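Computed from a predicted structure; not experimentally measured. Numbered from 1 within each chain, the chains take letters A, B, ... in sequence-line order.
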Amino acid sequence: MLRNPELRTKPLGIQQKNIVVTCNYVARERGISKLSYIKDAEKKCPDIVLVNGEDLTHYREMSYKITNFLLKYTPKVERLGFDENFLDVSDMVRTRLNDPSTKEEVKGHIYGQGQKDDADSCTCGCHARLTVGTQIAADIRSALQEELGISCCAGIAWNKLLSKLVAGTHKPNQQTVLFPEHTFELMLSLEAVRAIPGIGHSTAKRLASLGIQTISQLQEVDQSVLTGEFGNSMAQTMKLLSCGSDQSPVVTTGQAQSISDEDSFRKCQDVEDVKNRIGGLLDNLLKRLEEDGRLPGIIRLTLRKLDKEGQWSKRESRQCRVPSHVFALGNNKTIAWYCVLSNNKTIQMKMK
DNA sequence: TGGGGTCCT
DNA sequence: AGGACCC
C-alpha cells in the first residue's frame, strides 16, 4: 500500500504461491483471514486485489528502516519478525519524569477500564511510569506516520509478554496501556494456553495430554506436574507466563545472525531444473551477502521432501564451514554445492 | 499453507 | 542436525 496508495481503499491480499499470507483491514472486513487459500479468498471476495509477496526484499528493507528509526529513541530495540519491535523505554521514562513539564495524561486506551473501578493502590510509581510510556508510544507512532508513512499498534506494559498481549486489544492503528490491577483480567481473557507467546503448537499438545487447556488451568496446576513433563526450567517459565510474568529482557537485535533464501520448488522435474533454481537462490544470497559486508562462516542447505501422498515431511539440512578462499575466488556455482560435496553426502530430492 | 527469522538441545 | 518458537 505504501508503494501503491490506490490499493489502500481496496481489499488487498499478499500472495505467496496458493496462499494469501496476509491482507489489509479492508479485506479482513470482507471476511478474509491470513494464511487462507487463494480460492477461498476469491470466493468470499471476488474483487480482492492480489499482490505477489514471494520476494521479501521490499518488506525486509522497510522493516529495517523502521527498526533503525526506533533506534534513534533508544538502543534497546528487539526485533520480532519483520513487523514487530520491542522497546525498553525505561531510561526515557526516567528522564521524562524528571522533566517538570511532563503531564499525567494517558494517551490511547487503558485496558479493562470501565469494568471495575480503579482503586489506585500503587505506591511504587508504576502508574506514572506507564502513563509516560503511553506518551512516548504516541510520540513515536506519530513520528513513524509522519516520516515513514507507517501506522501501527502499540502496547505499553512492564514486560514483553504483556506489552505484546495488550497491543492486540485495540486493533488497527491504536495503542493500549496495561495497568497492573488488570493483569489477571488480560491473561484470563486469552482462554487457551496456545494464545501465550512462547507456548507453541507442540507445547500446547503436551499440556493438553496433561489435561491442561486453559490459562487458568495452567495457573492452578501443581508445579511438579509440569516439571515431570517439561523439566524444571520450562515448567517455571510457563507457570510465570500464565500469570503474566515475563523475566526476559529486551535484547538489542543488531545485525542478522543468518541470511537465507527459500523456494518451495513447485513443479521441478529434472536435475537441470534443480541446479538452476538453487543457482538462482544462491545468486540472491550472494547479492545480499555483499550488501551485508560480512562473510559467512557456515553455509547450509535445507530441504523438505514430498512423500508419495504429496505430504510435506520434516526438514533435512546439511551444513559445513566455508573457508574464506572459496569466496575470494567468487565462483558462484562452486559455492552452491560446496557444503554438500565437502561432506561427500548426496541429498536426494524428490519433488512432485 | 510461505518465506523468512531466533535460540536451545 | 534437528527441534522449538516467532512473524
Worksheet item: Between A:Asp263 and A:Ser258, who's closer to the 5' end of DNA chain B by nearest nucleotide?
Response: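 Final value for this comparison: A:Asp263.
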If you look at every strand shown and take non-hydrogen atoms under 4.0 Å, does [X] touch a base, only sugar-phosphate, or nothing?
X        : result
A:Thr203 : sugar-phosphate
A:Arg206 : nothing
A:Glu262 : base
A:Asp261 : sugar-phosphate

Determine yes or no for a side-chain-to-main-chain donor-acceptor pair under 3.5 angstrom, with [X] supplying the side chain and [Y] the backbone.
X        : Y        : result
A:Lys239 : A:Val221 : yes
A:Asn24  : A:Lys10  : yes
A:Thr102 : A:Asn98  : no

Proximity to the side chain of [X] - top-ranked nucleotide from [options]:
X        : options             : value
A:Gln319 : C:dG2, C:dA1, B:dG5 : C:dA1
A:His201 : B:dT6, B:dG3, C:dC5 : C:dC5
A:Arg194 : C:dC5, C:dC6, B:dG3 : C:dC6
A:Arg288 : C:dA4, C:dC6, B:dG5 : B:dG5
A:Leu56  : C:dC5, B:dG4, B:dG2 : B:dG4
A:Phe82  : B:dG5, C:dC7, C:dA1 : B:dG5

Any side-chain N or O of [X] less than 4.0 Å from the OP1 or OP2 oxygen of [N]?
X        : N     : result
A:Arg60  : B:dG3 : no
A:Lys17  : B:dT1 : no
A:Ser317 : C:dG2 : yes
A:Lys164 : C:dC7 : yes
A:Ser264 : B:dG3 : yes
A:Ser260 : B:dG5 : yes
A:Thr253 : B:dT6 : no
A:Arg315 : B:dG2 : no

Answer yes or no: does atom [atom1] of [X] have more than 12 heavy-atom neighbours from other residues, nucleotides or ligands under 6.0 Å?
X        : atom1 : value
A:Lys17  : NZ    : yes
A:Asp270 : CG    : yes
A:Lys107 : NZ    : no

Discussion item. At a heavy-atom distance below 4.0 Å, what parts of residues 227-241 of chain A sit against DNA chain C?
Written reply: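 Contacting residues: none.
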Item to complete: Using atom CG of A:Leu303 as one end and atom C1' of B:dG4 as the other, report the distance to the nearest whole Å.
Response: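 So the CG-C1' distance, A:Leu303 to B:dG4, works out to 17 Å.
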Worksheet entry | Interatomic spacing from OG1 in A:Thr214 to CG in A:Leu188 - rounded to 0.5 Å |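 Those atoms lie 8.5 Å apart.
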Worksheet entry | Audit row: A:Phe69, A:Leu144, side-chain contact (heavy atoms from CB on, under 4.5 Å) steps and yes/no | CA-CA 8 Å; A:Phe69 183 83; A:Leu144 263 177; 3.7 Å; yes
